[in-house]
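A quick write-up on the structure given underneath.
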Amino acid sequence: MHALITVAIKEYRDGLRNRWILAITVLLAAFAVGLSYFGGAASGAVGVTSLSTTIVSLASLAIFIIPLVALMLAYDTLVGEEEQGTLLLLLTYPLTRGQLLLGKFAGHAAILATATVIGFGAAGLLVAGAAGELGDAGVWRAFGLFILSSWLLGCVFLALAQLISAWAGEKSVAAGVALLVWFWFVLIFDLLLLGALVMAGGQEGGWLAGLLLLNPTDIFRLVNFVGFEAARSYTGLTHIAVGPWFQPAALLGLLLVWIVVPLLLAQWRFARRAL
C-alpha cells in the first residue's frame, strides 16, 4: 500500500509540475462560466442564467470535454514509460506491477478530482451568487451530484486509457486507439442509438433503455438529467430511460463498475506483458 501511495503522489506532483491541474481547472471553470453567461445567445439573450439551467447545459458539454481530457492524461501511462526506458527502472523498486498501475490511476484520479472540484466549484459559486441561488440547498445537491458524476466519468476514461496503454505496443498506437474510443463513446454510439430509437417509434424502456447502460457517457447524462423534467424533453435518449436501473444511486454504481472492469483487465494484461 505504501508503494501504491508513493506512485500516486509522484503522478500528482508530475501533474502539478506539468501544469495539467492548472490547465484542466481553468478549462472547466471557463466552460462553466461561459455556458452560464452565453448560453442564451442563440435566442438573443446574454446574461448569467440559473445554476440549475447551467447544470443541464454543462452536463451536455462535459460529455465531450472530460473523456477527452482523461484519455489525454493517461493514454501513455505504461507504453510511454516503456518507450522512455523508465518502466523497467520503476519495476526494479519494491512494488508490483499492479501497485504501479493502480498508483498511476490514483494519481491521475486525484488530478481530475482537484481540477473538477476547484474548476466547477468556483464557477458554480460565481453563477449561483449572480443568480441569487447561494441559499438553495436543492440546487447545490444537484450541482454536487454533477461534480461527483463528472469525476467518476473522468475515472472511467482514465481506466480505459490504462487498458489501452497496457495493450498498445507504441505510444502513437495508444494515442490513435484512445481517439477512436472517444469517438465511439461520445459520438458514434449515441448516433446509432438515436437511429434505433427512431426506428422503434420512441418507445420507453425495453432493450433500447438497456443499451444506454453500455455507454458511460449516457450513464453520466442520465445521472444529471433524471432530476430535471425539462431535460427529458431536451434529449430523446433520456425519454426511454425508465425502470429501477435509472435512479441516480444505481447509475453511480454502474459508473463504478465501468471503472473497475477496465482496471482489472489492464492489470491482467500488464501482468502478462513482456518488457
Side-chain angles (χ1 to χ4, degrees), residues 8 11-12 15 20-21 24-25 27-29 31-32 54-75 77 101-124 140-164 178 181-182 184-186 189-190 211-228 231 235 237-238 241 244-267:
E11 289 296 321
Y12 189 81
W20 266 107
I21 294 177
I24 299 171
T25 300
L27 177 69
L28 296 182
F31 273 120
T54 302
I55 292 172
V56 175
S57 300
L58 197 55
S60 299
L61 182 64
I63 289 171
F64 295 89
I65 300 299
I66 290 178
L68 185 60
V69 168
L71 289 168
M72 289 175 59
L73 189 60
Y75 80 92
T77 296
L101 193 69
L102 289 178
K104 284 180 169 291
F105 174 82
H108 291 148
I111 290 172
L112 276 183
T114 302
T116 303
V117 171
I118 295 177
F120 283 150
W140 282 113
R141 280 194 297 270
F143 194 67
L145 180 63
F146 166 71
I147 291 177
L148 174 61
S149 59
S150 296
W151 177 65
L152 289 176
L153 178 65
C155 288
V156 169
F157 282 87
L158 285 178
L160 289 171
Q162 288 204 335
L163 178 58
I164 293 168
V181 167
W182 183 84
W184 171 254
F185 284 116
V186 174
F189 187 95
D190 280 353
L211 290 179
L212 287 173
L213 305 180
L214 299 179
N215 188 343
T217 63
D218 284 330
I219 297 174
F220 167 79
R221 182 186 285 115
L222 292 170
V223 168
N224 291 284
F225 285 0
V226 72
F228 296 96
T235 173
L237 294 181
T238 57
W245 283 104
F246 298 98
Q247 301 304 313
L251 293 169
L252 289 176
L254 287 171
L255 281 178
L256 289 175
V257 172
W258 266 100
I259 295 170
V260 172
V261 172
L263 277 179
L264 290 176
L265 290 173
Q267 285 197 52

Mind listing the side-chain donor-acceptor pairs of residues 65-75 below 3.5 Å, one per line with the distance, residues two or more places apart or on another chain?
none

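At least one side-chain heavy atom of L145 sits under 4.5 Å from a side-chain heavy atom of L252. Contact check for L160 versus F185: side-chain heavy atoms found under the 4.5 Å cut-off. Residues L152 and W258 fail the side-chain proximity criterion, which asks for heavy atoms closer than 4.5 Å.
Remark: F105 pairs with no residue by the ring pair (Phe, Tyr, Trp, His ring centres under 6.0 Å) rule, at least two apart or across chains. For E11, the side chain to side chain donor-acceptor pair (under 3.5 Å) criterion is met by K104, H108, not counting sequence neighbours.
Between the W151 side chain and the T114 main chain, no donor and acceptor come within less than 3.5 Å of each other.
For the atom pair N224 CG and F143 CZ, the distance stands at 10.5 Å (nearest 0.5 Å). Put simply, OG on S150 and CG on L28 are 8.0 Å apart, with the number rounded to the nearest 0.5 Å. Separation of atoms CD1 (I63) and CG (D218) is listed at 7.0 Å; rounding is to 0.5 Å. Within the model, atoms CZ of F189 and OG1 of T217 stand 8.0 Å from one another, a figure rounded to the nearest 0.5 Å. How far CG of L213 is from CD1 of I219: 5.5 Å, rounded to the nearest 0.5 Å. The OG1 atom of T77 sits 4.5 Å away from atom CD of Q162, with the distance rounded to the nearest 0.5 Å.
A178 approaches I164 most closely through the heavy-atom pair CA-CD1, 3.7 Å.
Relative ring orientation between F220 and F146 is described as tilted, the plane-to-plane angle lying within the 30° to 60° band.
Screening I259, V181, L112 against F157 for a side chain to side chain contact (heavy atoms under 4.5 Å, CB included) leaves a single residue, V181. When the options L263, L254, L256, L255 are evaluated for a side chain to side chain contact (heavy atoms under 4.5 Å, CB included) with V156, the one that passes is L255.
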Original post:
Between L102 and Q267, does a side-chain contact (heavy atoms from CB on, under 4.5 Å) hold up when you go through it step by step?
Top reply: CA-CA 8 Å; L102 289 178; Q267 285 197 52; 3.4 Å; yes
